[in-house]
There are 2 protein chains.
Amino acid sequence: MSSARVGATRPKSQIKVSRTGMSNFGSPRAPKRAMSRNEVVVGDSVEAMLGLPEASVDLVFADPPYNLQLASRLTRPDQSVVDAVDDDWDKFADFAAYDAFTRDWLAAARRAMKPSATIFVIGSYHNIFRVGAIMQDLGFWILNDIVWRKNNPMPNFRGRRFTNAHETLIWAARDASARNYTFHYEALKAGNEDCQMRSDWLLPICSGGERLKDSAGRKTHPTQKPEALLARIILAASNPGDLVLDPFFGSGTTGAVARLLGRDYLGIEREQTYAEAARARIAAITPLPAVAVAPAPSKRNEPRIAFASVVEAGLVAPGVTLTDAKGHHKAVVRADGALAIGPIVGSIHKTGALVQGLPACNGWTFWHFESGAGLAPIDELRAVARARLRDAAE
Amino acid sequence: MSSARVGATRPKSQIKVSRTGMSNFGSPRAPKRAMSRNEVVVGDSVEAMLGLPEASVDLVFADPPYNLQLASRLTRPDQSVVDAVDDDWDKFADFAAYDAFTRDWLAAARRAMKPSATIFVIGSYHNIFRVGAIMQDLGFWILNDIVWRKNNPMPNFRGRRFTNAHETLIWAARDASARNYTFHYEALKAGNEDCQMRSDWLLPICSGGERLKDSAGRKTHPTQKPEALLARIILAASNPGDLVLDPFFGSGTTGAVARLLGRDYLGIEREQTYAEAARARIAAITPLPAVAVAPAPSKRNEPRIAFASVVEAGLVAPGVTLTDAKGHHKAVVRADGALAIGPIVGSIHKTGALVQGLPACNGWTFWHFESGAGLAPIDELRAVARARLRDAAE
DNA sequence: TAGACGCCTGAATCTATAG
DNA sequence: CCTATAGATTCAGGCGTCT
């Protein structure tokens, strides 16, 4: 079981952290080396991703430069100066240059993704529309756009716009045909008052003790993302032991949360200073015990059981009459696992659909048997069969 | 005053509603005719917009086809069929065709916009990224992206994605240099618990009595937008008497709300059926009285008053000493309306900035005078001067 | 020690007008 | 176009200090 790889089985001292920069990453023509995990590579994102084996990554989180195009300085009403993102890495000559940059890194990320992998890209209105269009052009299949609503955003100081109170994430599969991507629907629902998790997430910005600062108290990275955001992403769309790639690693939130949650990570960061801060940050993380991060069991992942095997196992005898919950419809269990309604014979699903006049029906929940304590769905018999299957496997 | 044009001054019988289709709208070479208002034009959006005078529109709301790319029909868990958008107007051969369509209508809309006009475009993840990128390419300047959070979205029936619980609006000015666009910041703030309006709006979807239905109970239009959404947009970004253009008029929500709020509208709609439903809907609207829709007064729009004129009016005598709210700093009023601090002479703003060591200062709120009932800001004297100005004008 | 109070800060495309 | 100047403009939360 993959979650056995986390926690106590992977003591801190065995975490390999490369201090050699990007020496292992050459041009695309360089021989492919074995997959490296749990490293922070210092270097260019595109080059580094092209050095990875194709189809080797389970999940990508990317927080690319936003291309903010800030013209002048901004002061608060009290005349204090807003510490804006004016770093060189956020400067692009024009939209064409930003688009070319975006196409390059997205194509390289897509190449490294397994066919079942998905990608999350975060951005603001300055860049997210270009990013999304290019993703569609490259063949990514958008699954959702997600809104990170900030409960404590910076206000609009001039009163000329709406408070910019959110950022946007695009969640996409590698291809339109991908049907086997990881999405822990049930776990998210269980953790959300038993309601489906929506596309709008309310989370505070990264501040307080979580925010990395240097010895002088200045923030280490201007755009550090909150761990809660990464935790939701990683829990939703990956399994323990999966490899999470972050091509714009920055302060390393992705790596810190991946390690906490028993996932492997691979970070790429151009700035040596950020990479070093990220390594130290991640090294200080104690992974959660495996039991805390094991994927919740979900109906979808349960082994499939034929009704025939329920009959074969003696859990219900051939000849027994099943009914719907209200006893309106009746059908007889056949020895081959089909049901008979008079001359009509069909699966539990087909017969259930037939008597209701519907195109489809889940027979496991529609048909009931007399359990001794009243009517019960035959799904309960399936649960017993599954439990026996598990016992036999151990 | 422009708001005098609304309400009782414009009785229902005078609303001109064209029943002649797009006969007045020819090729761009056709002679420009007088601006038409409060009409629903049946025809192609691009052609109709190119027939409008340049720079004639104050606000654009556009709800273009979303290019949903639905592959097959979707059923709910109870097997009922979801009534999806599968109309011909939402079918495009590929992204290139959708992009070309989008460029055309956005360029035509931009041409019709006054330099001070703004545009709202609504979409979902299927199309909004392409729309936003093309808007930037055409020279629109994005002011905000706005998230319409639905408190009652359709659930995700397959449990393979997050509930798609929002749609995205892009709010943009015609040009990056536009500084004089309409934005009723104070009114929005006053209606939002005295907090600035954020970029995430929580509104229910259009249902119940608001939803247009035909005699058989089928919804008239598959994507009718809620009036509350349009009301917020129109109230935020237009003034009474302004012209609001909607190139994809559909069921006419834009027109109905514009008429209610004392704005003029111009709707363009390709389908005769929708246009007729929209006309009937709008005709049934009674505009609100002018006083209900008059723009709230804002400090920004008050006439400018020089401190010299406050002195000349005898509201404060030369030689009087002003202080800040805590009495730490002192300055003497000069006969010419400047302040003196020892040998230093400057405006109320410059001297206020100087004593605080700040680059700027609002002298009206910084400097105080002895009012008899304690210290009061000289802004109160300005208010008196303004009131006298108003009285004199009447 | 708990609460009051003030200071600081966050991915920001953040003014209007006169001359 | 430009420059100079008037003057309008912020919310939530963390943290340190004071009472």
Side-chain angles (χ1 to χ4, degrees), chain A residues 63-87 89-92 95 98 122-128 148 150-168 204-211 213 217-219 221-226 248 250, chain B residues 116 136 140-145 171-173 175-181 183 185-186 189 192-199 298-308 337 346-350 352-353 358-367 378-379 382:
Chain A
D63 182 12
Y66 285 10
N67 190 21
L68 287 188
Q69 312 164 63
L70 303 177
S72 58
R73 70 174 205 169
L74 178 67
T75 55
R76 299 187 179 80
D78 65 2
Q79 305 302 323
S80 64
V81 177
V82 174
D83 183 15
V85 176
D86 56 356
D87 306 70
W89 49 255
D90 197 43
K91 298 258 195 298
F92 294 85
F95 281 137
Y98 187 79
I122 188 167
S124 67
Y125 66 84
H126 310 83
N127 72 322
I128 198 66
W148 167 28
K150 307 176 184 183
N151 57 353
N152 49 353
M154 182 158 15
N156 182 288
F157 296 120
R158 290 291 175 270
R160 294 296 288 142
R161 304 182 176 200
F162 299 98
T163 309
N164 190 7
H166 73 276
E167 294 186 26
T168 301
I205 62 175
C206 179
S207 65
E210 190 185 321
R211 188 92 199 204
K213 303 227 169 92
R218 288 177 300 244
K219 54 194 177 193
H221 193 281
T223 72
Q224 184 179 342
K225 294 290 174 290
F248 306 98
Chain B
S116 62
Q136 291 180 312
F140 286 104
W141 190 245
I142 300 180
L143 297 168
N144 279 114
D145 59 337
W171 181 38
D175 304 276
S177 58
R179 289 282 177 279
N180 56 339
Y181 57 86
F183 181 55
Y185 173 81
E186 295 84 0
K189 182 175 172 179
N192 189 41
E193 308 269 313
D194 283 324
C195 275
Q196 26 176 251
M197 186 68 77
R198 297 168 39 118
S199 57
S298 83
K299 280 191 186 172
R300 245 185 207 95
N301 294 333
E302 294 275 352
R304 288 194 160 201
I305 301 265
F307 185 62
S347 72
I348 55 174
H349 311 297
K350 280 278 192 284
L358 290 176
C361 163
N362 182 344
W364 293 109
T365 52
F366 177 75
W367 291 114
I378 58 176
D379 205 22
R382 180 169 64 163

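Numbers restart at 1 for each chain; the letters A, B, ... are given by sequence-line order, proteins then strands.
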* Asked: Of all residues at least two apart in sequence or in a different chain, which pass the side-chain contact (heavy atoms from CB on, under 4.5 Å) check with B:Gln136?
  -> A:Phe95, A:Arg130, B:Ile142
* Asked: Using the P atom in both, what is the distance from D:dG7 to C:dG19, to the nearest Å?
  -> 13 Å
* Quote, to the nearest angstrom, the C1' distance that separates C:dT1 from D:dT17. => 14 Å
* Asked: Are the ring centres of A:Trp89 and A:Phe248 closer than 6.0 Å?
  -> no
* When we call it a touch if two heavy atoms are under 4.0 Å apart, what does B:Asp379 touch: a base, just sugar-phosphate, or nothing? -> nothing
* Flag the pair B:Lys299 and B:Glu186 as a salt bridge only when some basic side-chain nitrogen lies within less than 4.0 angstrom of an acidic carboxylate oxygen. => no
* For residues B:Phe307 and B:Trp367, establish whether the separation of their ring centroids is below 6.0 Å. => no
* Asked: What residues, two or more places apart in sequence or in another chain, satisfy side chain to side chain donor-acceptor pair (under 3.5 Å) together with B:Asp145?
  -> A:His166
* Asked: ring-ring contact (aromatic ring centres under 6.0 Å, His included) with A:Tyr98: which residues, sequence neighbours excluded?
  -> A:Phe92, A:Phe101
* Looking only at atom types and distance, does a side-chain atom of A:Arg160 sit under 3.5 Å from a main-chain N or O of B:Arg179, one as donor and one as acceptor? -> yes
* Would you mind classifying the nucleic acid contact of B:Lys189 as base, sugar-phosphate or nothing, using non-hydrogen atoms under 4.0 angstrom? => sugar-phosphate
* Structure fact -> Closest to the side chain of A:Ser207, out of D:dT10, C:dA11, D:dG14, is D:dG14
* **Out of D:dC11, C:dA11, D:dT9, whichever nucleotide has its closest atom nearest the side chain of A:Trp89** => C:dA11
* On DNA chain C, nearest-nucleotide positions of A:Cys206 versus A:His126: which is more 5'? -> A:Cys206
* To do: Under the side chain to side chain donor-acceptor pair (under 3.5 Å) rule, collect the residues that match up with B:Asp379, sequence neighbours excluded.
  => B:Arg382
* Have a look at A:Arg160 and say if it touches a base, only the backbone sugar-phosphate, or nothing, with a 4.0 Å heavy-atom cut-off. => sugar-phosphate
* To do: In whole angstrom, give me the gap between the C1' atoms of D:dT10 and C:dC8.
  => 13 Å
* Can you name the side chain to side chain donor-acceptor pair (under 3.5 Å) partners of A:Arg76, sequence neighbours left out? -> A:Ser80
* Could you tell me whether B:Arg179 contacts a base, only the sugar-phosphate backbone, or nothing, with contacts defined as non-hydrogen atoms closer than 4.0 Å? => sugar-phosphate
* To do: Would you please indicate if the ring centroids of B:Trp171 and B:Tyr181 are separated by under 6.0 Å?
  => yes
* On a plain distance test, is the side chain of A:Asp83 in donor-acceptor contact with the base of C:dA11 below 3.5 Å? -> no
* Closest-nucleotide 5' rank along DNA chain D - winner of A:Asn151 and B:Glu186 -> B:Glu186
* Asked: Is there a side-chain polar atom (N or O) of A:Arg76 under 4.0 Å from OP1 or OP2 of D:dA8?
  -> no
* Asked: Of all residues at least two apart in sequence or in a different chain, which pass the side-chain contact (heavy atoms from CB on, under 4.5 Å) check with A:Pro155?
  -> A:Phe157, B:Gln196
* D:dT9 base / A:Gln79 side chain donor-acceptor hit below 3.5 Å -> yes
* Structure fact -> side-chain contact (heavy atoms from CB on, under 4.5 Å) filter on A:Cys206, not counting sequence neighbours, yields A:Glu210, A:Arg211, A:Gln224, A:Pro226
* Considering only atom C1', compute the distance from C:dA11 to D:dC15 and round it to an integer number of Å. => 23 Å
* Is the distance from OP1 or OP2 of D:dA12 to the nearest side-chain N or O of A:Lys150 less than 4.0 Å? -> no
* Expressed in angstrom and rounded to an integer, what is the separation of A:Phe162 atom CZ from C:dA12 atom C1'? -> 16 Å
* Asked: Any side-chain donor-acceptor pair under 3.5 Å between A:His126 and A:Ser124?
  -> yes
Between the protein and nucleotides 2-8 of chain C, which nitrogen or oxygen pairs are less than 3.5 angstrom apart?
none

* To do: Report the residues that fulfil side chain to side chain donor-acceptor pair (under 3.5 Å) with B:Arg304, sequence neighbours left out, ordered by chain and then residue number.
  => none
Under 3.5 Å, which protein N or O atoms sit close to an N or O of nucleotides 3-7 of chain D? Give each pair with its distance.
| residue | atom | partner | partner atom | Å |
| --- | --- | --- | --- | --- |
| D:dG7 | OP1 | B:Ile305 | O | 3.3 |
| D:dG7 | OP2 | B:His349 | NE2 | 2.5 |
| D:dG7 | OP2 | B:Trp364 | NE1 | 2.9 |

* To do: Scan B:Leu143 against the nucleic acid and name what it touches under 4.0 Å (heavy atoms): base, sugar-phosphate only, or nothing.
  => nothing
* Asked: Which ranges of DNA chain C pair up as stems, where a stem means three or more consecutive Watson-Crick or G-U pairs with both distances under 3.5 Å?
  -> C:2-10 with D:11-19, C:15-19 with D:2-6
* Asked: For A:Met154 and D:dT9, what is the distance between atoms CE and P respectively, to the nearest whole Å?
  -> 19 Å
* Give one of base, sugar-phosphate or nothing for A:Thr223, where a contact means two heavy atoms less than 4.0 Å apart. => base
* Where along residues 65-72 of chain A does a heavy atom fall under 4.0 Å from DNA chain C? -> A:Pro65, A:Tyr66, A:Leu68, A:Gln69, A:Leu70, A:Ser72
* Asked: What integer distance in Å separates A:Leu74:CG from C:dA11:C1'?
  -> 13 Å
* B:Tyr185 side-chain N/O to D:dT10 phosphate OP1/OP2 under 4.0 Å -> yes
* Backbone N or O of A:Phe162 within a donor-acceptor pair of the B:Asn144 side chain at under 3.5 Å? -> yes
* To do: Have a look at A:Pro153 and say if it touches a base, only the backbone sugar-phosphate, or nothing, with a 4.0 Å heavy-atom cut-off.
  => base
* Asked: Would you call A:Asp83 and A:Lys219 a salt bridge, taking side-chain N to carboxylate O under 4.0 Å as the test?
  -> yes
